[in-house]
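These notes concern the structure reproduced below.
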Amino acid sequence: MTTETQNTGRESLNFLEEIVEADLASGKYETILTRFPPEPNGYLHIGHAKSICLNFGLAQKYGGKTNLRFDDTNPSTEETEFVDSILSDVRWLGFEPDNIFYASDYFEQLYEWAKLLISKGKAYVDFSSPAEVAASKGTPTTPGVPGKYRETSVEENLELFEKMKAGEYPDGHCTLRAKIDLASPNMHMRDPYLYRIKHAHHHRTGDKWCIYPMYDWAHGQSDSIENITHSICTLEFIPHRELYDWCIEQLGIFPSKQYEMARFNLSYTVMSKRKLKQLVDEKYVSGWDDPRMPTIAAFRRRGYTPESIRAFATRIGVAKRENLIELSLLEFSIREDLNRHALRRFAVLDPLKVIITNLPEGQIEWMETENNPEQPETGNRKIAFTRELWIEQDDFMENPPPKYFRLSPGGMVRLKSGFIIRCDEVMKDEQGNITALHCTYVPESRSGQDTSGLKVKGVIHWLSATDAVEAEVRLYDRLFKVEDPAAEENFKATIHEESLLIKKNALIEPALANAEPGEKFQFTRLGYFCVDPDSNSDKRVFNRTVTLKDTWAKEQKK
RNA sequence: UGGGUCAUGGUGUAAUCGGUAACACAGCAGAUUUUGGUUCUGUUAUUCAGGGUUCGAGUCCUUGUGACCCAACCA
């Protein structure tokens, strides 16, 4: 979505689009190439979704291409399982990579380039311990001092590096470091690590390598090998850019350029992989795809559509400042989509029996109701109006407050697409609990053919007791009680204990009984719901994606 | 305290040789409505602070202030 400035009528661009347009206009590039570079060590979340939409979206807009590249340089944390889930998430979002690559495809080349760097006297093998290296790097305010391996000869370094690669040293015995500037104000330029020794099995290269390149030695060169023109990452990589450029410059290879944008934060959720993992490991949620998680898998299971997430990604924009996006924007995006596309169905979460005393048992009045008023072409369906009905407990109050226009003793409501009923008597058990309502219906008030002349303010949904089907409905709410849980001393202490409410004895209309997992509906007046994979042949399970906007709930809080 | 990045309504993003702050969400009020939904209308509210240049500054200069990032054999 683009915005037009009022004065000029020109399209408003984000800063990355401006850069791309300038590069295209100047002839620097004829076409652009972007990439999405996830590390296959976990599930993708909504933050990644933004990055995916941005990288693929930029390429689409300017006629370029986008690679998916797995940044698999650390064999001890990466797994094939994640490669598969990441690819399916990208595709689910609606994007097809032009190429699928792996940083590990370039291990051989990277190794050759490392030797080239050593030959130029720009890298050396260092046997210092991590503590020694840290100490010799100095601090941001004091320059570092050369370690004792910094002046090893090129020939010897070449030999030592060969031994590293040959597996002659144990893990952590030594590293390859770039020889740059120990006094640089940029800590990343103080002889950064290029290679470490890890005798670990790699998900793709197996046991071929025991030395693995660090991010800084792998990423820029991988971009360069693929001729990536615009390499977009997040703000924390700004200090790495100098090193990114340095490596490419030393090697004299295609100069990919790195651009940084702010990552986005979502209110009432946490986004860091570490925190999300804690939630899963410590069983605060049922798994990575628990519908309360911000992972793409979770949003999918909850009932979000790819379209809604793409629209959201566009709406939050791209910039370089810190931000905290309101959850309401995400909710707006999914409601907008589902309002248009989800079929309407009746469901009662907390049933209350209604007996229509002036309708004989066995009599069925067939009614018609629309499948989606936003799309009349979806037609109508028939629903049965019978003596025994179910309505929502919330839709009846014995002592209603002002402005309550649902059912109350002596009062009337319209049953949507049915008849107007009046509540004559409230039935209770010995404890005083309401067990049923005795009502009478107004035969002349038949929906669409109302000649009763009655005007009722309230309209409620309902189900016939003769054909209602049992279902489980899971009501999800925000996982945290505070806007910015990550800012808390202990984010887990702010978990919302009622973020999941399960209605095990909800009732649904027959038209819903055979809905397939993934199918989405609006439960009239309640919200949008999606069939969960936990459903089985005798019971459907629904997840609430999001409620409808509820101005009555808001009114009550006043 | 060395270096870097960023400051525009409640939130996010625009304002493209300096031309008089806009769009979306949220909020509020009303209309329509057989979903207290949708739709429609109206409305509240914004340039971090001080100084300077200029007819005119969110934009340029200057001095501050604040937030965030950087010293992993992680990415």
Side-chain angles (χ1 to χ4, degrees), chain A residues 1 3-8 10-14 18 37-39 41 71 73-74 76-77 126 129-130 133-135 137-144 171-177 184-188 190 193-198 212 214-216 218-219 233-242 260 262 264 267 273 315-326 328-333 335-336 339-340 344 346 369-370 373-374 403-406 413-418 420 445 447-448 450 456-461 522-527 547-555:
Chain A
M1 178 172 301
T3 53
E4 303 278 321
T5 58
Q6 200 176 38
N7 300 335
T8 63
R10 260 183 298 189
E11 189 193 3
S12 161
L13 306 174
N14 67 47
E18 282 182 8
E39 182 187 9
N41 71 345
D71 221 340
T73 57
N74 188 348
S76 41
T77 58
D126 195 332
S129 71
V133 171
K137 276 191 180 179
T139 69
T141 49
T142 58
D171 285 8
H173 188 66
C174 57
T175 59
L176 183 73
R177 287 224 270 163
S184 171
N186 182 349
M187 296 300 290
H188 293 275
R190 324 251 267 222
Y193 292 120
L194 264 27
Y195 272 95
R196 76 290 215 182
I197 298 174
K198 273 179 193 267
Y212 290 94
M214 301 291 292
Y215 168 85
D216 287 305
H219 203 92
C233 61
T234 48
L235 254 28
E236 66 268 28
F237 288 94
I238 289 175
H240 294 254
R241 188 175 60 226
E242 192 179 354
E260 310 86 9
F264 85 91
S267 66
K273 211 175 266 181
R315 275 194 259 258
I316 62 180
V318 185
K320 303 183 83 158
R321 52 175 153 162
E322 249 186 274
N323 59 77
L324 181 61
I325 310 286
E326 289 179 350
S328 60
L329 188 61
L330 218 207
E331 294 181 337
F332 169 81
S333 298
R335 284 193 188 111
E336 175 189 50
N339 174 53
R340 177 88 187 137
R344 264 109 259 223
F346 287 171
T369 188
E370 70 254 351
E374 302 299 314
K403 294 190 194 170
Y404 182 84
F405 38 82
R406 275 110 99 151
V413 278
R414 149 98 40 205
L415 296 181
K416 181 169 169 62
S417 302
I420 290 174
S445 67
S447 183
D450 191 343
V456 296
K457 186 86 171 150
V459 178
I460 63 176
H461 60 280
Q522 182 196 100
F523 288 178
T524 300
R525 299 208 308 131
L526 296 174
T547 62
L548 255 30
K549 264 173 68 178
D550 191 346
T551 51
W552 168 241
K554 203 180 289 176
E555 179 73 29

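The shown structure was predicted, so the numbers you read here are calculated from the model rather than taken from an experiment. Throughout, protein chains are lettered first and strands after them, A, B, ... in sequence-line order, and every chain is numbered starting at 1.
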Seminar exercise, completed: In terms of heavy-atom contacts, Asn186(A) and Pro239(A) come closest through ND2-O, 2.9 Å
For this session: Indicate, with a heavy-atom threshold strictly under 4.0 Å, whether Thr524(A) touches base, sugar-phosphate, or nothing.
Result: base
Exercise. Does Glu18(A) make a side-chain donor-acceptor contact with the base of U16(B), cut-off 3.5 Å?
Worked result: no
Exercise. When all nucleic acid strands are considered with a 4.0 Å heavy-atom cut-off, which category describes Gly144(A): base, sugar-phosphate, or nothing?
Worked result: nothing
Problem set entry | Phosphate contact (G27(B) OP1 or OP2) by Lys554(A) side-chain N/O below 4.0 Å | yes
For this session: Rounded to whole angstrom, note down the P distance from C73(B) over to G3(B).
Result: 25 Å
Exercise. Has Trp552(A) got its ring stacked on G36(B), by the test of a centre gap below 5.5 Å and a plane angle below 30°?
Worked result: yes
Exercise. Using a cut-off of 4.0 Å on non-hydrogen atoms, how would the nucleic acid contact of Val318(A) be classed: base, sugar-phosphate, or nothing?
Worked result: sugar-phosphate
Problem set entry | Presence of Lys416(A) side-chain N/O under 4.0 Å of U33(B) phosphate oxygens OP1/OP2 | no
Exercise. Between C74(B) and Arg196(A), is there an OP1 or OP2 to side-chain N/O distance shorter than 4.0 Å?
Worked result: yes
Exercise. Which part of the nucleic acid, if any, lies within contact of Leu324(A), taking any heavy atom under 4.0 Å across all strands shown: a base, the sugar-phosphate backbone alone, or nothing?
Worked result: sugar-phosphate
Exercise. With sugar-phosphate meaning primed atoms plus P, OP1 and OP2, does Pro143(A) contact a base, only sugar-phosphate, or nothing at under 4.0 Å between heavy atoms?
Worked result: nothing
Problem set entry | Phosphate OP1/OP2 of A26(B) contacted by Arg315(A) side-chain N/O (<4.0 Å) | no
Exercise. Just checking His240(A): base, sugar-phosphate only, or nothing, at a heavy-atom cut-off of under 4.0 Å?
Worked result: base
Problem set entry | Test of ring centre spacing under 6.0 Å for Tyr193(A) and Tyr215(A) | no
Exercise. Within the modelled atom types, does a donor on one side and an acceptor on the other bring the side chain of Gln522(A) and the base of G37(B) under 3.5 Å apart?
Worked result: no
Exercise. Has the side chain of Ser447(A) got a donor or acceptor that lies under 3.5 Å from a partner of the other kind on the base of U34(B)?
Worked result: yes
Exercise. Heavy atoms under 4.0 Å, any strand shown: does Ser267(A) hit a base, just sugar-phosphate, or nothing?
Worked result: nothing
For this session: For Glu374(A), answer base if it contacts any base atom (sugar-phosphate contacts may also be present), sugar-phosphate if it contacts only those atoms, and nothing otherwise; contact means non-hydrogen atoms under 4.0 Å.
Result: base
For this session: Would you mind telling me which residue lines up with the more 5' stretch of RNA chain B, Thr77(A) or Arg335(A), judged by nearest nucleotide?
Result: Arg335(A)
Exercise. What integer number of Å spans the C1' atoms of U32(B) and U41(B)?
Worked result: 11 Å
